[in-house]
Q: 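Encoded as structure tokens, here's the structure I'll be asking about.
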Amino acid sequence: MTEPELSALRERAQHGDASAIGELIELAAELGDLNELRRLEDAGNPTAADELIQLAAEQGDLQELCRLSDSGNATATDQLIELATELDNMDELRRLADQGNTTAAEQLAELTAE
């Protein structure tokens, strides 16, 4: 897709064209464009949020998952716990457990028991 085509697609999306929004999300996910997905997620698009979470998890992007989790996205929190567990990131699990997340507390207990 050329830059002018992408600009036109973004403009259509900004004007509420649902098919343009869908195309933009799909393209951003295919290209691994976290910035585009973040922009769409920030605009309140739940599909963009889902794609952003999936991409951040695949890329091991704890920071992005933390940002989404801290904004209240439960799916991001689940992915964050999963990734932190895989990485043996006790600090992140402890932070989530301290916030009252029982799954993080359980994972932390399992990892510290090993």
Side-chain angles (χ1 to χ4, degrees):
M1 176 172 285
T2 66
E3 188 58 41
E5 291 171 329
L6 183 57
S7 292
L9 185 60
R10 284 184 180 134
E11 187 172 328
R12 287 179 33 224
Q14 286 178 343
H15 288 96
D17 182 328
S19 65
I21 293 168
E23 282 181 59
L24 201 51
I25 291 169
E26 186 177 325
L27 180 62
E30 286 174 13
L31 297 174
D33 189 344
L34 289 172
N35 291 328
E36 187 75 44
L37 289 170
R38 192 177 299 116
R39 188 183 65 72
L40 292 162
E41 182 269 335
D42 286 344
N45 188 294
T47 304
D50 291 343
E51 291 292 337
L52 183 56
I53 291 165
Q54 182 177 342
L55 189 57
E58 288 172 4
Q59 293 181 356
D61 191 336
L62 280 172
Q63 186 176 2
E64 186 63 32
L65 290 172
C66 283
R67 184 187 76 81
L68 293 163
S69 174
D70 290 348
S71 71
N73 188 305
T75 304
T77 302
D78 292 343
Q79 287 296 312
L80 179 58
I81 292 168
E82 186 175 315
L83 184 58
T85 301
E86 288 174 14
L87 298 173
D88 290 333
N89 188 325
M90 306 295 190
D91 291 337
E92 187 57 38
L93 290 171
R94 193 170 294 109
R95 184 183 77 85
L96 292 167
D98 288 347
Q99 292 175 356
N101 187 295
T102 56
T103 305
E106 290 167 1
Q107 291 298 321
L108 185 61
E110 273 186 41
L111 289 174
T112 56
E114 292 177 356

Q: Which distance, rounded to the nearest 0.5 Å, do you find between the CD1 of Ile21 and the CG of Leu40?
A: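 So the CD1 of Ile21 and the CG of Leu40 are separated by 7.5 Å.
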
Q: Looking only at non-hydrogen atoms, find the nearest pair between Leu65 and Ala57 and report the distance.
A: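 Minimum heavy-atom contact is CD1-CA, 4.1 Å.
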
Q: Which heavy atom of Ala97 sits nearest to which heavy atom of Ala104, and what is that distance?
A: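 Smallest interatomic distance, heavy atoms only, reads N-CB, 3.8 Å.
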
Q: Please find the pair of heavy atoms, one from Ala76 and one from Ser69, that lie closest to each other, and give the distance.
A: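 Looking at all heavy atoms of both residues, the shortest contact is CB-N, 3.7 Å.
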
Q: Has Gln63 got more than 12 heavy atoms of other residues, nucleotides or ligands less than 6.0 Å from its CD?
A: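 No, because the 6.0 Å sphere around CD of Gln63 holds 12 heavy atoms or fewer from other groups.
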
Q: Salt bridge or not between Arg95 and Asp98? Use side-chain N to carboxylate O under 4.0 Å.
A: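 Looking at Asp98 together with Arg95, the answer is no, because their closest N to O distance does not fall below 4.0 Å.
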
Q: In the structure I gave you, are the side-chain heavy atoms of Leu111 and Asp88 within less than 4.5 Å of one another anywhere?
A: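 A side-chain contact under 4.5 Å exists here.
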
Q: Might you point out which heavy atoms bring Ile81 and Gln107 nearest each other, and give the distance in Å?
A: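 For Ile81 and Gln107, the tightest heavy-atom pair comes out as CG2-CG, 3.9 Å.
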
Q: Working to the nearest 0.5 Å, report the span between CG of Leu96 and OG1 of Thr102.
A: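 Going from the CG atom of Leu96 to the OG1 atom of Thr102 covers 11.0 Å.
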
Q: Does the side-chain contact (heavy atoms from CB on, under 4.5 Å) test come out yes or no for Asp78 and Thr103, once each step is laid out?
A: CA-CA 8 Å; Asp78 292 343; Thr103 305; 5.6 Å; no

Q: For Leu34 and Gln59, what are the C-alpha separation, side-chain angles and deciding distance, and is it a side-chain contact (heavy atoms from CB on, under 4.5 Å)?
A: CA-CA 10 Å; Leu34 289 172; Gln59 293 181 356; 3.3 Å; yes

Q: Distance from Leu27 atom CG to Asp33 atom CG, nearest 0.5 Å?
A: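 If we round to the nearest 0.5 Å, Leu27:CG and Asp33:CG are 8.0 Å apart.
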
Q: Nearest 0.5 Å, please: how far is CG in Asn45 from CZ in Arg39?
A: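 Arg39 CZ to Asn45 CG: 10.0 Å, rounded to 0.5 Å.
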
Q: Would a 4.5 Å heavy-atom cut-off, applied to side chains only, mark Leu68 and Glu41 as touching?
A: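 Side chain of Leu68 against side chain of Glu41, heavy atoms only: contact under 4.5 Å found.
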
Q: What pair of heavy atoms forms the shortest contact from Gly44 to Pro46, and how long is it?
A: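 Of all heavy-atom pairs spanning Gly44 and Pro46, the closest is O-CD, 3.2 Å.
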
Q: Which residues satisfy the side chain to side chain donor-acceptor pair (under 3.5 Å) test with Glu64, sequence neighbours excluded?
A: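 If we apply the side chain to side chain donor-acceptor pair (under 3.5 Å) test to Glu64, skipping adjacent residues, the hits are Arg38, Arg67.
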
Q: How about Glu11: does its CD atom have over 12 heavy atoms from other parts shown lying under 6.0 Å from it?
A: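 Not buried by this count: 12 neighbours or fewer within 6.0 Å.
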
Q: Kindly compute the distance separating CD (Gln79) from CG (Asp50), expressed to the nearest 0.5 Å.
A: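 Output value for this atom pair is 10.5 Å.
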
Q: Once you round to the nearest 0.5 Å, how far does CD of Glu26 lie from CD of Glu51?
A: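 Those atoms lie 8.5 Å apart.
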
